[in-house]
Asker: 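Below you'll find the structure I mean.
First listed ligand is number 1; within each ligand, the first listed atom is number 1.
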Amino acid sequence: MSELCNEKLVYGNLVNGRWMESASGNVITVTSPVDGSFIGEIQAVSKEEVDEVIRYSKEGLSSWAGVPIFEKARILYKAAEILEERAEEIADILMMEIAKDRKSSVSEVKRTADFLRFTADAGKSLEGIAVSGENFPGGSRNKISYVRRVPLGTVLAISPFNYPINLSASKIGPALMGGNTVILKPATQGAISALHLVKALQDAGLPEGVLQTVTGKGSEIGDYIVTHENINFINFTGSTEVGRHLSKISCMTPLLLELGGKDAALVLEDADLKYAASNIVEGAFSYSGQRCTAVKRIITTDKIADQLVDMLKTGIEKLAVGDPRDNVVVTPLIDQKAADFAEFLIQDAIAKGAELIVGNKREGNLVYPTLLDKVTVDMEIAWKEPFSPILPIIRVKDMDEAVEIANRSEYGLQTSVFTKDINKAFRIAEKLEVGTVQINNKTERGPDHFPFLGVKASGMGTQGVKYSIEAMTRPKAITINLTE
Ligand SMILES: NC(=O)C1=CN([C@@H]2O[C@H](COP(=O)(O)OP(=O)(O)OC[C@H]3O[C@@H](n4cnc5c(N)ncnc54)[C@H](OP(=O)(O)O)[C@@H]3O)[C@@H](O)[C@H]2O)C=CC1
Ligand SMILES: O=C(O)[C@H](O)COP(=O)(O)O
């Protein structure tokens, strides 16, 4: 197989510079969550093939680490250009493979091109430092340490279904600029989109063995790759359940984990309610709520709740729902299981007394945007990550209680605070147990050079261009001792 896929849309894996089918003959058929249509077939690699890929990665390491940084950057700039040229073609695949609406699909590809350029720039500005021994008591100017960052080795990048291009590139780009070789294990649903990203990087001139892929069900080959002795770093984005499992089995291999969330929007009584409502609707329902950073609960007080609910309802009723190829916001969920879970959360809340404002309608795996008011802490939707278009409102007596409920979640990704009083916003922000607090904006990851991290069950370590390069490199000190 010389190219990414053959005429029957059977996709290979990039192995040491060549697109290869698995010798086992095992493939996985990827169908569309939109209409069940055939998207393609991907390889289910065997353990022996995983060993082979890891061996090539190890072999490629010293030559890639030795490539000058400006040359590494040149390849990423070129890949960004290729991605932009192919944006429409790749967006078409994204739309059908993961049911992402057209506008968001195109924007994911273009955002990734920007990400690669910014990463190349950041990599170029990495500099070593020299530290003089004389700064520490008893030290001397004759002792000088030259400290620079060196690669960790082979990075295993594991990406989720919801941003197959961007969340693969956000691992691959910084790992490569840091001098590592990379093996990508994309989510099975989303793998075909991710392989197109890899093809763009290959076409940009990456040497053989520097970036390779392994496709196959995470539940079948995941543990084997993760525990392989020649994997030096694991960069994972996905569910807390899988993340916890990986952190248990990975032994001494360092990990970066970006996991689930239950981001809250705290709306204070002095907030610009119209702005907050429209901003929250966007944050909660874009890509049908299938974003780790989606607004997943509103916490507010009785005094403004009715007014806020009316505005939210108006915004939600305007959302276009349906086929991602049309100009819509809410599209079918990734699979029936996800829709079943959404339905369970809605029914559980209604049965326990939540007030249904809008939604609670389902056609197959298409779940209509749903707003639930008067949600209480005994309901599953108060705590579970729905990963679907459901927005619960929890009413509290004051902001102390709001902060307490926000912090009671097992997750700690982001929280929004809507208020016109910056002093109050700051004081509340200081109390929130999350990686990032957004003041007067929905929770969101971008722009992609900001630090992005979750605390508690939301993750471990920090992403974001410069932070990701740092996470996937380590300092190496060479100490010179002058004798005269
Ligand atoms: N904090 C953050 O930055 C983000 C977090 N997320 C979170 O991701 C979740 C949704 O993504 P989803 O794809 O469903 O997540 P999953 O955890 O189901 O899967 C993520 C990746 O892990 C793989 N995987 C599964 N089991 C193993 C294993 N034993 N060893 C190695 N890899 C494995 C999957 O492969 P396969 O597909 O083959 O099963 C996939 O590539 C949500 O919880 C969301 O909040 C999403 C985006 C951003
Ligand atoms: O997986 C996700 O949810 C993404 O990290 C979200 O990115 P965004 O908040 O910038 O859209």
Asker: Among all protein non-hydrogen atoms, which one is nearest to atom 15 (O) of ligand 1, and what is the separation to 0.1 Å?
Answerer: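 Going atom by atom, the protein heavy atom closest to atom 15 (O) of ligand 1 ends up being S239 N, 3.4 Å.
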Asker: Can a non-hydrogen atom of S159 be found less than 4.0 Å from any atom of ligand 1?
Answerer: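 Yes.
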Asker: Given 3.5 Å as the limit, does a donor-acceptor pair link the side chain of Q189 with the main chain of E97, or not?
Answerer: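 Present.
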Asker: State the atoms of ligand 1, each with its element, that fall below the 4.0 Å cut-off from a heavy-atom position in P186.
Answerer: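 Checking each atom against P186, I get 41 (O).
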Asker: Is there any N or O on D448 that sits under 3.5 Å from an N or O of ligand 2?
Answerer: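 N/O-N/O distance below 3.5 Å does not exist for this pair.
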Asker: Should T443 be listed as contacting ligand 2, given a heavy-atom distance under 4.0 Å as the test?
Answerer: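 So T443 does not count as touching ligand 2.
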Asker: For ligand 1, is there an N or O atom under 3.5 Å from any N or O atom of Q189?
Answerer: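 N/O-N/O distance below 3.5 Å does not exist for this pair.
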Asker: Is the contact between V242 and ligand 1 made by the side chain, the backbone, both, or neither, using heavy atoms and a 4.0 Å cut-off?
Answerer: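 Answer for V242: side chain.
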Asker: Looking only at protein heavy atoms, which one is nearest to atom 23 (C) of ligand 1, and what is the separation?
Answerer: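 The answer is I158 CG2, 3.8 Å.
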Asker: Among all the protein's non-hydrogen atoms, which is closest to atom 11 (O) of ligand 2, and how far away is it?
Answerer: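 Closest protein heavy atom to atom 11 (O) of ligand 2: Y163 OH, 3.0 Å.
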Asker: Please check if any side-chain donor atom of S288 sits under 3.5 Å from a side-chain acceptor atom of T331, or the reverse.
Answerer: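 The answer is yes; a qualifying pair exists.
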Asker: Just to be sure I'm reading this right: ignoring hydrogens, which of F161, Y224, F387, F236 gets closest to atom 22 (O) of ligand 1? Compare them by their nearest heavy atoms.
Answerer: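 When every heavy atom of F161, Y224, F387, F236 is considered, F236 comes closest to atom 22 (O) of ligand 1.
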Asker: Find out whether the Lys NZ or Arg CZ of K361 is both under 6.0 angstrom from the six-membered ring centre of Y368 and within 45° of the ring's axis.
Answerer: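 Yes, K361 sits over the ring of Y368.
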Asker: Could you tell me, atom by atom, which parts of ligand 1 come under 4.0 Å of a heavy atom of D223?
Answerer: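 Ligand 1 atoms under the 4.0 Å threshold to D223: 28 (C), 29 (N), 30 (N).
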Asker: Verify the distance criterion only: is there a donor paired with an acceptor across the side chains of E49 and S46 at less than 3.5 Å?
Answerer: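 There is such a pair (donor and acceptor under 3.5 Å, judged by atom type) between the side chains of E49 and S46.
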Asker: Considering non-hydrogen atoms of the protein only, which is the closest contact for atom 43 (O) of ligand 1, and what is the distance?
Answerer: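 Minimum-distance protein heavy atom for atom 43 (O) of ligand 1 reads E385 OE1, 2.8 Å.
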Asker: Please write down residue, atom name and distance for the protein heavy atom closest to atom 2 (C) of ligand 1.
Answerer: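 Of the protein heavy atoms, C292 SG, 3.1 Å lies nearest.
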Asker: Does NZ in K456 sit with more than 12 non-hydrogen atoms of other residues, nucleotides or ligands closer than 6.0 Å?
Answerer: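 Yes, NZ of K456 has more than 12 neighbouring heavy atoms, counting only those of other groups under 6.0 Å.
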Asker: I'd like the name of whichever of A157, G222, P160 reaches closest to atom 30 (N) of ligand 1 through any heavy atom.
Answerer: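 It is G222 that holds the nearest heavy atom.
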Asker: Side chain, backbone, both or neither: which part of Q290 has a heavy atom under 4.0 Å from ligand 1?
Answerer: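 The answer is neither.
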Asker: Can you sort out which atoms of ligand 2 are near L167, meaning under 4.0 Å from one of its heavy atoms?
Answerer: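 It comes down to these atoms of ligand 2: 1 (O).
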Asker: Is it true that G459 lies under 4.0 Å from ligand 1, counting heavy atoms only?
Answerer: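 Per 4.0 Å heavy-atom rule, G459 does not contact ligand 1.
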Asker: Evaluate the side-chain proximity of Q347 to N360: yes if any heavy-atom separation is below 4.5 Å, no if none is.
Answerer: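 Yes, side chains in contact.
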Asker: Taking Y275 for its side chain and N440 for its backbone only, find out whether a donor-acceptor pair lies under 3.5 Å.
Answerer: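 Yes, because the side chain of Y275 sits within donor-acceptor range (under 3.5 Å) of the backbone of N440.
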Asker: Could you check whether any heavy atom of F452 sits closer than 4.0 Å to an atom of ligand 1, since that is the contact criterion I want to use?
Answerer: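 Yes, F452 has a heavy atom closer than 4.0 Å to ligand 1.
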Asker: Looking at every non-hydrogen atom in both residues, tell me the closest pair between I334 and Q290 and how far apart they are.
Answerer: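 Closest heavy-atom pair between I334 and Q290: N-OE1, 3.2 Å.
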Asker: Grab the two heavy atoms, one from A425 and one from V417, that are nearest each other, plus how far apart they are.
Answerer: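 Closest approach of A425 to V417, heavy atoms only: CA-CG1, 4.2 Å.
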Asker: What protein heavy atom sits nearest atom 35 (O) of ligand 1, and how far away is it?
Answerer: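 Scanning the protein heavy atoms, the shortest distance from atom 35 (O) of ligand 1 goes to K185 NZ, 3.0 Å.
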Asker: Taking only heavy atoms of L167, which atoms of ligand 1 are found under 4.0 Å from at least one of them?
Answerer: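 Heavy-atom distances to L167 below 4.0 Å select 47 (C), 48 (C).
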Asker: Determine whether the side chains of E444 and Q438 contain a donor N or O and an acceptor N or O closer than 3.5 Å.
Answerer: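 E444 vs Q438: no donor-acceptor pair found between side chains.
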Asker: For atom 19 (O) of ligand 1, is there a protein heavy atom at a distance under 4.0 Å?
Answerer: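 Within 4.0 Å of atom 19 (O) of ligand 1, no protein heavy atoms are found.
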Asker: Does ligand 1 have any atom sitting under 4.0 Å from a heavy atom of G216?
Answerer: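 It does; at least one heavy atom falls under 4.0 Å.
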Asker: What protein heavy atom sits nearest atom 38 (O) of ligand 1, and how far away is it?
Answerer: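 The answer is T188 OG1, 2.6 Å.
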Asker: Could you tell me which atoms of ligand 1, counted from 1 in the order shown, lie closer than 4.0 angstrom to a heavy atom of K217?
Answerer: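 With K217 as reference, the close atoms of ligand 1 come out as 38 (O).
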Asker: Could you say whether the N/O atoms of G446 and ligand 2 ever approach to under 3.5 Å?
Answerer: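 G446 vs ligand 2: N/O contact under 3.5 Å present.
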Asker: Looking only at distances, please establish whether an N/O atom of ligand 2 is found under 3.5 Å from an N/O atom of C292.
Answerer: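 Indeed, backbone or side chain, C292 has an N or O that close.
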Asker: Dump the intermediate steps for salt bridge (Lys or Arg N to Asp or Glu O under 4.0 Å) on R244 and E410, then the final yes or no.
Answerer: CA-CA 13 Å; R244 275 202 181 112; E410 66 166 315; 3.2 Å; yes
Asker: Report yes or no: is the cationic atom of K100 (NZ for Lys, CZ for Arg) under 6.0 Å from the centre of the six-membered ring of Y163, at an angle within 45° of the ring normal?
Answerer: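 Yes, K100 lies over the aromatic ring of Y163.
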Asker: For ligand 1, which atoms, with element, lie under 4.0 Å from some heavy atom of L246?
Answerer: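 Ligand 1 atoms under the 4.0 Å threshold to L246: 28 (C), 30 (N), 31 (C).
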Asker: Testing V109, D203, L197 one by one against R86 for a side-chain contact (heavy atoms from CB on, under 4.5 Å), which residue passes?
Answerer: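 Only one of V109, D203, L197 forms a side-chain contact (heavy atoms from CB on, under 4.5 Å) with R86, namely D203.
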Asker: Are the side chains of L14 and L4 in contact, using a 4.5 Å heavy-atom criterion?
Answerer: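 When only atoms from C-beta onward are counted, L14 and L4 do not touch, as no gap falls below 4.5 Å.
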Asker: For salt bridge (Lys or Arg N to Asp or Glu O under 4.0 Å), just list the numbers for D340 and R362, CA-CA rounded to whole Å, side-chain angles, deciding distance to a tenth of an Å, and then say yes or no.
Answerer: CA-CA 10 Å; D340 290 346; R362 174 180 173 186; 2.8 Å; yes
Asker: Please write down residue, atom name and distance for the protein heavy atom closest to atom 5 (C) of ligand 1.
Answerer: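 Going by distance alone, atom 5 (C) of ligand 1 is nearest to L259 O, 3.0 Å.
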Asker: Heavy atoms only: which of E444, R291, Q290, R111 lies closest to atom 10 (O) of ligand 2?
Answerer: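 Ranked by closest heavy atom to atom 10 (O) of ligand 2, first place is R111.
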Asker: Which bit of T293 is near ligand 2, meaning a heavy atom under 4.0 Å away: side chain, backbone, both or neither?
Answerer: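 Near ligand 2, T293 shows its backbone as well as its side chain.
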Asker: By number and element, which atoms of ligand 2 are closer than 4.0 Å to a non-hydrogen atom of R445?
Answerer: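 Taking each heavy atom of R445 in turn, ligand 2 has 4 (C), 5 (O), 6 (C), 7 (O), 8 (P), 9 (O), 10 (O) under 4.0 Å.
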Asker: Measuring from M472:CE to M177:CE, what's the distance to the nearest 0.5 Å?
Answerer: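 Atom-to-atom, M472:CE and M177:CE are 12.0 Å apart.
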Asker: Just verifying a value: how many Å separate I98 CD1 and D101 CG, rounded to the nearest 0.5 Å?
Answerer: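 If we round to the nearest 0.5 Å, I98:CD1 and D101:CG are 9.5 Å apart.
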Asker: Find all atoms of ligand 2 within a distance of less than 4.0 Å from any non-hydrogen atom belonging to N162, and give their numbers and elements.
Answerer: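 Ligand 2 atoms under the 4.0 Å threshold to N162: 1 (O), 2 (C), 3 (O).
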Asker: Starting from atom 28 (C) of ligand 1, locate the nearest protein heavy atom and write down its residue, its atom name and how far away it is, to 0.1 Å.
Answerer: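 Checked against all protein heavy atoms, atom 28 (C) of ligand 1 sits closest to G218 O, 3.3 Å.
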Asker: Walk me through whether D323 and R325 qualify under salt bridge (Lys or Arg N to Asp or Glu O under 4.0 Å).
Answerer: CA-CA 5 Å; D323 190 307; R325 288 163 291 189; 2.8 Å; yes
